[in-house]
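If you're wondering where the values come from, they're calculated on a predicted model, not measured in any experiment.
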Amino acid sequence: MPEPAPVAERLASGLELMRRGEYYAAHEELELAWRAAEPGERDFFQGLVHATVAWYQAGRDRPVGCARQLAKAKRRLMPYAPVRRGVDVVSLLSQLEQAEQTLAAGSLSLTPLRA
């Protein structure tokens, strides 16, 4: 049985927005995918939402919110490594780790998120 189109479409749209650095819009799109996803994939989509919100929080100069979102993203995405739905989860986890190191060094200048 094919999956509902909105999940795949929302994922593609959310990832494209993320790549363009439009983290708030990406979060909105990925949240719609998360809500429509099958229960077994909801953590994957929620992890993507947390990742985009972390970058959004960094852009709004909110280190605590950023750190919390990074931790949540890692926890939710780890079980989906190495790849899920074409997303290189290993690379994404590495970016989350790098962001945590940047944050620990006192900076919110995160390298743009790529997934």
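Of the possible donor and acceptor atoms, none in the side chain of S94 sits under 3.5 Å from a partner among the backbone N and O of V90.
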Which donor-acceptor pairs under 3.5 Å do the side chains of residues 104-115 make with protein atoms, sequence neighbours left out?
from: S107; atom 1: OG; to: S109; atom 2: N; distance (Å): 3.0
from: R114; atom 1: NH1; to: R19; atom 2: O; distance (Å): 2.6

Please report, to 0.1 Å, the donor-acceptor pairs under 3.5 Å made by any side chain of residues 43-53, with sequence neighbours excluded.
from: D43; atom 1: OD1; to: R76; atom 2: NH1; distance (Å): 2.6
from: Q46; atom 1: OE1; to: R76; atom 2: NE; distance (Å): 3.2
from: Q46; atom 1: OE1; to: R76; atom 2: NH1; distance (Å): 3.2
from: Q46; atom 1: OE1; to: R76; atom 2: NH2; distance (Å): 3.4
from: H50; atom 1: ND1; to: Q69; atom 2: OE1; distance (Å): 2.7
from: T52; atom 1: OG1; to: L48; atom 2: O; distance (Å): 3.4
from: T52; atom 1: OG1; to: V49; atom 2: O; distance (Å): 2.9

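Contacts classified as salt bridge (Lys or Arg N to Asp or Glu O under 4.0 Å) and involving residues 93-103 (residues at least two apart or in different chains) are given here: K74-E97, K74-E100.
The distance from the CG atom of L70 to the CD atom of Q101 is 11.0 Å, given to the nearest 0.5 Å. The line from CD of Q98 to OG of S91 is 10.0 Å long, rounded to the nearest 0.5 Å. Note: L93 CG to Y80 OH = 12.5 Å, rounded to the nearest 0.5 Å.
Between E38 and R42 there is no salt bridge, since no side-chain N of the basic residue sits under 4.0 Å from a carboxylate O of the acidic one.
L32 and W34 end up in different hydrophobic clusters when Ile, Leu, Val, Met, Phe, Trp and Tyr side chains are linked at under 4.5 Å. When hydrophobic clusters are built by joining Ile, Leu, Val, Met, Phe, Trp and Tyr residues whose side-chain heavy atoms come closer than 4.5 Å, directly or via intermediates, L30 is not grouped with V83.
Among all heavy-atom pairs drawn from A33 and V7, the shortest one is CB-O, 4.0 Å. Minimum interatomic distance between A54 and C66 (heavy atoms only, all atoms of both residues): O-SG, 3.4 Å. Smallest separation of non-hydrogen atoms from L77 and V89: O-CG1, 3.4 Å.
For the pair M18 and E29, the minimum side-chain heavy-atom distance is 4.5 Å or more. Side-chain contact between H27 and Y56 is absent, with no heavy-atom pair separated by less than 4.5 Å.
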*Output, in order, the C-alpha distance, side-chain angles, deciding distance and verdict of salt bridge (charged side-chain N to carboxylate O under 4.0 Å, His left out) for E41 and R84.*
CA-CA 9 Å; E41 282 198 303; R84 183 63 160 220; 3.1 Å; yes
